[in-house]
2 protein chains.
Amino acid sequence: MREKTTKRKPAARSYHHGDARNALLAAAAGLLEKVGAAGLSLRQVAERAGLSRQAPYNHFEDKEALLAELAREGFDRLGASLSVGGEPQAEMALERAADAYIRFARQAPALFRLMFSRELVDLSRFPTTARTAASAFDKLVQIVAAFAPPERVKELSLAAWSLVHGYATLCIETGLEGEELRARRARLFARIIRTDADDKRTAKLSPCPSVAGGP
Amino acid sequence: MREKTTKRKPAARSYHHGDARNALLAAAAGLLEKVGAAGLSLRQVAERAGLSRQAPYNHFEDKEALLAELAREGFDRLGASLSVGGEPQAEMALERAADAYIRFARQAPALFRLMFSRELVDLSRFPTTARTAASAFDKLVQIVAAFAPPERVKELSLAAWSLVHGYATLCIETGLEGEELRARRARLFARIIRTDADDKRTAKLSPCPSVAGGP
DNA sequence: CCCCAAATATTGACGGCGTCAATATACCAG
DNA sequence: CTGGTATATTGACGCCGTCAATATTTGGGG
């Protein structure tokens, strides 16, 4: 049913106003931070986009598919924010990435939750979103690889990700700390990872296997 | 219409069968891991407890209140698991706490999500649950205080919590790693925190203010 | 140019949800 | 026994996701 004997749409744009899909995504993104991912309803999204109740089903298989697309955009933005600027000194790269990660979660907490909520969107159904997520994580791995001994890159990037993700999550979910501590925490976390990477005692330990493939 | 004029079990406390509240909580806890916190409906809970659809409202103000009570029980169990056994050597305490934390999240992922999901239960509405959560976190602070210099206890316990919480969250939300790596990761995380606590370079830094009150 | 198959859009309907209102029942104090 | 109160049930409302049927728009081939 996808393509037949003839050519398809003139590519870029769609039939009517061509905009429906983007209008729905924009409406959903706007509503998301107001009502939360759980409270977001397709009917509100459609109305806000000026379309009928059933319009989302012309462009997305179901509600979860629309949420998955929002999540994909989120991972795209997050990944981009982790690698801004060159890498003048690998020194600061980790700290800046941590800061960007925390900032992202604070600026769009509902989107951040959505991106990491298996109950709301099961990434095994949406490989494109899953790949975008993996690519964002890979940015972090590269940053760690710039200073860590090769055999410790996996566990150290795992620890770095856990540390920053845990802090961001706890901040938005429990109100743990205020935004004003973001820079300080980013510095602390980066230093913790660096300190462990430089530690001589641990160098000879951990033959440690793999991190195994993500989602 | 259930049964008529005969008497009920006098039971412990309440009037009819006295057990309705606990039956509802048990039913909810059982369903939680099957359908997830978002998918859990009060109507299913009531039916599973053998009660009418409206029964939950006799014992809980609304759905969120029932979820908050489930979360409280969860924080109670989590807190208890963090302080099992004496503290023979503060050496192992952090590693064992990390292991217990990860194990908890893996054994009851839906409950774990619920406990840390502001969208599902807003702890500012439920101070009892909030206090139980704070008490669990305090266990971690005490463990860190056993080996860290006093002026670094706050930031190091914050880092330890973030590290372990982030790892546990990523595991259950993204299928990052399998259960078989739990013990190894707990050791890694404990070592990272200890290494930073022992690091001489960082000792003179960080005049660092407070962590500020939790939720 | 016109008309048609396909893509897109809308309305109706169904079952499930949380929760309010009204009602019925069981318990204990007096 | 009686009355008041805590508990339990049923009915109703509006919102939800989604299926089915229908209407409308579109671009391309006669």
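Naming convention: chains lettered A, B, ... in sequence-line order (proteins, then strands); numbering from 1 in each chain.
The nucleotide whose nearest atom lies closest to any side-chain atom of Gln44(A) is, among dC16(D), dC20(C), dT10(C), dC16(D). Checked against dC16(D), dG11(D), dG18(C), the side chain of Arg43(A) finds its nearest nucleotide in dC16(D). Considering only side-chain atoms of Leu42(A), the nucleotide from dA8(D), dG17(D), dT10(C) that sits closest is dG17(D). Nearest nucleotide to the side chain of Ala55(B), out of dT19(C), dT9(D), dG17(D): dT9(D). In the set dT18(D), dA8(D), dT19(C), the nucleotide with an atom closest to the side chain of Asp62(A) is dT18(D).
Distance Glu61(B) CD to dG18(C) C1': 14 Å, rounded to the nearest Å. As rounded to whole Å, 15 Å separates atom C1' of dT25(C) from atom CG of Leu51(B). Per the geometry, NZ belonging to Lys63(A) stands 16 Å off P belonging to dC15(D), to the nearest Å. In this structure, the CG atom of Leu24(A) is 14 Å from the C1' atom of dT10(C), given to the nearest Å. In this entry the distance linking CG of Asn58(B) with P of dC20(C) reads 13 Å, nearest Å. If you take CD of Gln54(B) and C1' of dG11(D), they are 10 Å apart, rounded to a whole angstrom. For Leu66(B) and dC17(C), the CG to P distance is 15 Å, given to the nearest whole Å. Straight-line distance from the OH atom of Tyr57(A) to the P atom of dT11(C): 16 Å, rounded to whole Å.
Contact annotation for Leu40(B): backbone-only contact, meaning every heavy-atom pair under 4.0 Å involves sugar-phosphate atoms and none involves a base.
Donor-acceptor pairing under 3.5 Å, judged by distance alone, is present between the side chain of Arg53(A) and the base of dG12(C).
Residue Ser41(A) has a polar side-chain atom (N or O) positioned under 4.0 Å from OP1 or OP2 of dC16(D). Taking only side-chain nitrogens and oxygens, His59(A) never comes nearer than 4.0 Å to OP1 or OP2 of dA7(C).
Remark: Leu181(A) CG to Tyr167(A) OH distance equals 5.5 Å, nearest 0.5 Å.
Residues Pro109(A) and Ile172(A) share a closest heavy-atom pair of O-CD1, 4.0 Å.
For the pair Arg77(A) and Phe104(A), the NZ or CZ position fails the cation-pi test of under 6.0 Å to the six-membered ring centre and within 45 degrees of the ring normal.
For the side chain to side chain contact (heavy atoms under 4.5 Å, CB included) with Glu173(B), the lone residue among Arg118(A), Met115(A), Arg113(A) that qualifies is Arg118(A).
Less than 6.0 angstrom separates the ring centroid of His165(B) from the ring centroid of Phe112(B).
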